[in-house]
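Residues take their numbers from the sequence shown, with the count starting at 1.
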Amino acid sequence: TTLFRSRGDMQKSLESITMALNSEDSETSHYAASVLRDELNDFRSNVQKMYTQMQQETETETECEEMLIDYMNRILSQKIFTTMEQTKYVNMLEEAAESLYQKNGARITADRYEGLCLKLLDLKKIPETEKWCMRLARQHGNALAAYTCRLKLYFTMGEKEKFFEVLQELKESDIIIDNETLELIRIFS
């Protein structure tokens, strides 16, 4: 199923549009605002279609959940919606992930988990974030994201003890720590 029109990948489009919105040229910024409105309307329409298809799938079909999760993760990461609308779509994203988890949890990659965890955390949905962080850790314990999501959660919660427990687990693992994780550790330590 093709979700994008000839304008190309929406994420790249949104990055360009955001830059153009800040242009000092009023014609450019007006055009960018118009394109952004159209892109967001396309997103809303595509999400609704996929969400409806997902609800009509059989108990073994996971294609719609997987497409919806990947598509929504890419766009919602741009943080271009109002808080109310972002919350609505993150709730739909979590619903799709829960459906996929129930049908075939093995299909949820570490990246999919991480995207959901970070979006839930952005909205300060702490219990939900913790639930998905724990699922990520159980299923992909050898992935950096299994540690970083919990570190970010405990950092946000101000839970120093849990933060340092996860940090110790990370140090004892063979996982290579990236710069973003090193910075988070430095700030919290």
Side-chain angles (χ1 to χ4, degrees), residues 1-56 64-101 108-136 145 148-159 180 183-184 187:
T1 311
T2 303
L3 297 174
F4 306 109
R5 296 195 176 128
S6 59
R7 288 184 230 177
D9 181 48
M10 189 172 172
Q11 185 174 0
K12 287 186 181 115
S13 297
L14 290 174
E15 290 167 5
S16 301
I17 292 166
T18 302
M19 286 174 46
L21 278 171
N22 296 322
S23 171
E24 290 182 19
D25 177 5
S26 62
E27 193 173 317
T28 300
S29 60
H30 178 74
Y31 176 74
S34 171
V35 172
L36 178 60
R37 184 192 64 238
D38 293 347
E39 291 288 0
L40 295 182
N41 285 337
D42 287 349
F43 172 80
R44 291 177 185 106
S45 173
N46 288 332
V47 165
Q48 195 54 55
K49 284 178 199 163
M50 285 187 279
Y51 185 77
T52 302
Q53 288 172 344
M54 177 187 84
Q55 293 174 320
Q56 295 168 351
C64 289
E65 284 91 346
E66 292 179 64
M67 283 182 3
L68 188 57
I69 291 166
D70 294 342
Y71 179 58
M72 291 182 82
N73 261 329
R74 278 194 315 274
I75 305 311
L76 293 175
S77 294
Q78 302 287 323
K79 299 178 185 174
I80 50 178
F81 292 100
T82 63
T83 303
M84 191 171 82
E85 205 167 13
Q86 183 84 2
T87 301
K88 170 189 169 184
Y89 288 120
V90 169
N91 289 340
M92 289 173 81
L93 173 63
E94 184 182 17
E95 192 178 325
E98 186 63 43
S99 177
L100 183 56
Y101 185 82
I108 306 179
T109 63
D111 286 345
R112 287 174 176 160
Y113 272 115
E114 182 180 33
L116 175 59
C117 288
L118 295 179
K119 281 158 198 65
L120 289 167
L121 189 58
D122 280 345
L123 295 172
K124 305 286 188 262
K125 296 179 78 137
I126 302 301
E128 295 87 345
T129 305
E130 193 163 27
K131 173 181 87 174
W132 288 100
C133 283
M134 294 309 144
R135 287 177 173 181
L136 167 57
T148 57
C149 284
R150 287 182 292 156
L151 288 171
K152 289 173 183 177
L153 170 66
Y154 297 137
F155 177 84
T156 301
M157 293 171 68
E159 292 272 358
E180 181 186 350
E183 184 63 18
L184 180 66
I187 290 170

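- For the atom pair L100 CG and E95 CD, the distance stands at 13.0 Å (nearest 0.5 Å).
- Side-chain contact between M50 and M92 is absent, with no heavy-atom pair separated by less than 4.5 Å.
- Applying the side chain to side chain donor-acceptor pair (under 3.5 Å) test to K88 and every residue at least two apart in sequence or in another chain returns nothing.
- Interatomic distance, L118 CG to T148 OG1, rounded to the nearest 0.5 Å: 7.0 Å.
- Nearest heavy atom pair, residue L136 against residue C149, reads CD2-SG, 3.8 Å.
- Remark: Y154 engages no residue in a ring pair (Phe, Tyr, Trp, His ring centres under 6.0 Å) (not counting sequence neighbours).
- The two residues M157 and I126 have their closest heavy-atom pair at SD-CG2, 3.6 Å.
- Proximity of R44 to N41: side-chain heavy atoms (C-beta onward) are separated by under 4.5 Å at one or more points.
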message: Walk me through whether K131 and E98 qualify under salt bridge (charged side-chain N to carboxylate O under 4.0 Å, His left out).
response: CA-CA 11 Å; K131 173 181 87 174; E98 186 63 43; 3.3 Å; yes
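- Nearest approach of K152 to L184, heavy atoms of both residues: CG-CD2, 3.7 Å.
- In this structure, the separation between CH2 on W132 and CG on L120 is 8.5 Å, given to the nearest 0.5 Å.
- Of all the heavy atoms in R150 and C133, the pair that sits closest is CG-CB, 3.8 Å.
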query: Given the rule in the side-chain contact (heavy atoms from CB on, under 4.5 Å) test, do Y89 and E85 qualify, once you have shown the distances and angles that lead to the verdict?
result: CA-CA 6 Å; Y89 288 120; E85 205 167 13; 3.4 Å; yes
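- Looking at F43 and I80, their side chains never come closer than 4.5 Å, going by heavy atoms from C-beta outward.
- Using a 4.5 Å heavy-atom cutoff, the side chains of T156 and K124 are in contact.
- Side chains of D70 and R74 form a contact here, defined as non-hydrogen atoms less than 4.5 Å apart.
- Residues D122 and Q86 are not in side-chain contact: their nearest non-hydrogen atoms beyond the backbone lie 4.5 Å or more apart.
- Expressed to the nearest 0.5 Å, how far OH of Y51 lies from CD of Q56 amounts to 12.0 Å.
- Across all their heavy atoms, N73 and L93 have their closest contact at OD1-CD2, 3.6 Å.
- Atom CD1 of I108 is separated from atom CD1 of I69 by 6.0 Å, given to the nearest 0.5 angstrom.
- For the 3.5 Å distance criterion, the side chains of K119 and S77 qualify, holding a donor opposite an acceptor.
- To the nearest 0.5 Å, atoms CZ (R135) and CD (E130) are separated by 12.5 Å.
- The two residues T129 and C117 come nearest to each other via the heavy atoms CG2-O, 3.7 Å.
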message: Walk me through whether K125 and N91 qualify under side-chain contact (heavy atoms from CB on, under 4.5 Å).
response: CA-CA 10 Å; K125 296 179 78 137; N91 289 340; 2.5 Å; yes
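- Taking the six-membered ring for Trp and thresholds of 30 and 60 degrees, Y113 and Y101 have ring planes more than 60 degrees apart, a perpendicular arrangement.
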